[in-house]
Amino acid sequence: MGIEDLAESLGQNVLTTTLGKVIGWGRGNSVWPAQFGLACCAIEMIATATAGVDIARFGSEAMRASPRQADLMIVSGRVSQKMAPILRTVYDQMPEPKWVISMGACASTGGVFNNYALLQGVDKIVPVDVYIPGCPPRPEDLLNALMILQERIKAQGILPRQ
Amino acid sequence: MSSTESMAGTEGVTISRTGQQGAFGGELLTVNFGPHHPSTHGVLRLIVDLDGEQIKRLKPVIGYLHTGIEKQMEALRWQQGVVVTDRHDYLSPPINNLAYALAVERLMGVEAPPRAQALRVIMSELTRLSSHLVWLGTSGLELGAMSMLMYCFRERETILDMNEEISGFRMHTSYIRPGGVMADATPRFLDMLASFVKEMPGHVDEYEDLLTMNPIWRARTIGIGRLSPEDAKVLGASGPMIRGSGIAWDLRKTMPYSGYESYDFEVATSDACDCYGRYLVRIKEMREAVKILDQALQRLPDGPVNVDDRKMLPPPREELETSMEAVIHHFKLFTEGYSVPAGDVYVAVESGRGENGCYIVSDGTHKPRRVKFRSASFVNLQALERMALNHMIADMIAIIGTADTVLGDVDR
Ligand code: SF4
């Protein structure tokens, strides 16, 4: 086989890319959320995992009970002052790289509850990547947030060591 | 290791030694469970003393979802409070609305028109169904029947679609308000309801096919979590928790509201006193709810859906263009709201979890002086230790599930 023939046949079977893109593609399509339900929004999060909406289409059906196996924390609901340190502990237990979706008005800003009991936005204690408005957001909204996050993860590639 | 030192186990579970001797020669261990744990139905934390695998003491720790809802309501006008009532027991928003609306109406001495009352019954029963469906789905999931979640949420979506049709919102409808309901039912809603009523009994059969005779389900629930009728009464249990102990206590029968006395339905009870009995009660209640829905649909009265009181509810849109008085009423309602005569009142309704009560105190102004919810979940949680004592730790999951507590309702 001549060298030209070889190049020609390889051209149809080999894909050249960068390592960062491959890693981003892999990470983005298998985001495993930690099973972290807080309040009403958690019910819509469960609904997102069931057959009707089916988050499995986006590779995120594996809700992990242990934060050590999760990449994504979906803060689904209101975070009380008493819950805040626990939420932070769970976040700290997740391995890098990790992402946070703040689901619903309460998690994002305190929602209709502007009072002594609630943390006025979960971004006060953990960095948030995507905010979802709504009280509760529809399952489709959660999927949309997940897709936004996936785009971002894919674009990130290899992350610098932290 | 000293007794205060603790061993970190899996996340959400820490174990510490008590130094006490157990019956099997080992040492009693204190295990911390939650508040972030996959099978505690929310952010419940339990501190359990274990002798081997047997539960010797169980102490719930609550407050991880304390939202300050009651305090918040003191800062809101009467009609704004409805929005917050949705969010405490987030699996049965319209029933919470109903308790609050009935309390405000009783203080003001008004009564909702017949069509509104029928629509309230319809929404209450739909909510009871959706709440039981979430219970069945998640309890099934926890005891290994994963497909229950898929089946139950399928029907729940149908109910949420109906919610959306009638009120514009899936979960927190704020549909039932003091003085009536938000809007009349659309013809499409009534069509959806009619086909739902026709299909739902078949779906309940489907659930029963999957669970009622399922050997694993029976092994995990029969004889587990016994609550004797005496204990149930002493601990103040209500809803399926007390009916599962053979006491026919249902507020829809014993203290009827919204015209429940005119509907023909049975109170589901079971003498089994265990998790399986409570499962049968909830299944039966779903069937009865469909019966009530059918009756309500058959004889839905015509007429207005709100009281005709311009001091309480805004005038219709058309009137605003022709009547100065209507504009004034509208302005007053949306700037300062209406005031409720001074006094206090307690009204209780039957939610999917039991007695959902609302106690309000008014000082005659346009905001409540105090609003207190008697939530069924909070009281039913007391029975947890009684049910779990001397059971294996694995049975605790079944027992937490059977109590059907909503942590938002417990902590408020
Ligand atoms: S945003 Fe709304 S639905 Fe979500 S937790 Fe807060 S009150 Fe509940």
How far apart are the closest heavy atoms of A/Arg64 and A/Ala70, and which atoms are they?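 What the structure gives for the nearest pair is CB-CB, 4.2 Å.
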Is chain A contacted by the side chain of [X], its backbone, both, or neither, given a heavy-atom distance below 4.5 Å?
X: B/Gln80; answer: neither
X: B/Phe169; answer: side chain
X: B/Ile62; answer: backbone
X: B/Phe153; answer: side chain
X: B/Leu91; answer: side chain

Out of B/Arg156, B/Glu157, B/Arg87, which one racks up the most heavy-atom pairs below 4.5 Å with chain A?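 The residue among B/Arg156, B/Glu157, B/Arg87 with the greatest pair count is B/Arg87.
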Would you please say whether a donor-acceptor pair under 3.5 Å links the side chains of B/Asp86 and B/Asn96?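 No pair is found: no donor N or O on one side chain lies under 3.5 Å from an acceptor on the other.
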Chain B heavy atoms under 4.5 Å from [X]: which part of the residue, side chain, backbone, both or neither?
X: A/Cys135; result: both
X: A/Ala51; result: both
X: A/Val90; result: side chain
X: A/Ala49; result: backbone
X: A/Ile86; result: side chain

Between A/Gly77, A/Ala84, A/Ala47, which residue shows the highest count of heavy-atom pairs closer than 4.5 Å to chain B?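 Winner by heavy-atom pair count: A/Ala47.
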Enclosure of B/Lys372 NZ (heavy-atom neighbours >12, cutoff 6.0 Å):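 Correct, the count exceeds 12.
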Enclosure of A/Arg88 CZ (heavy-atom neighbours >12, cutoff 6.0 Å):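 Atom CZ in A/Arg88 is packed in, count exceeds 12.
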Can a salt bridge be assigned to the pair A/Arg27 and A/Asp71 using a cut-off of 4.0 Å between side-chain N and carboxylate O?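 A salt bridge is absent here (no side-chain N lies under 4.0 Å from a carboxylate O).
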Of all pairs that satisfy side chain to side chain donor-acceptor pair (under 3.5 Å), the ones with a partner from residues 107-118 of chain A, not counting sequence neighbours: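 Counting only pairs at least two positions apart or across chains, the side chain to side chain donor-acceptor pair (under 3.5 Å) contacts touching residues 107-118 of chain A are A/Ser102-A/Ser108, A/Asn115-B/Gln72, A/Tyr116-B/His66.
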Testing B/Asp89, B/Asp409, B/Asn380 one by one against B/Arg353 for a side-chain hydrogen bond (donor to acceptor under 3.5 Å, both in side chains), which residue passes?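 Exactly one candidate clears the test, B/Asp89.
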Pairs flagged by ring pair (Phe, Tyr, Trp, His ring centres under 6.0 Å) wherever residues 9-49 of chain A is involved - sequence neighbours left out: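 Counting only pairs at least two positions apart or across chains, the ring pair (Phe, Tyr, Trp, His ring centres under 6.0 Å) contacts touching residues 9-49 of chain A are A/Phe36-B/His36.
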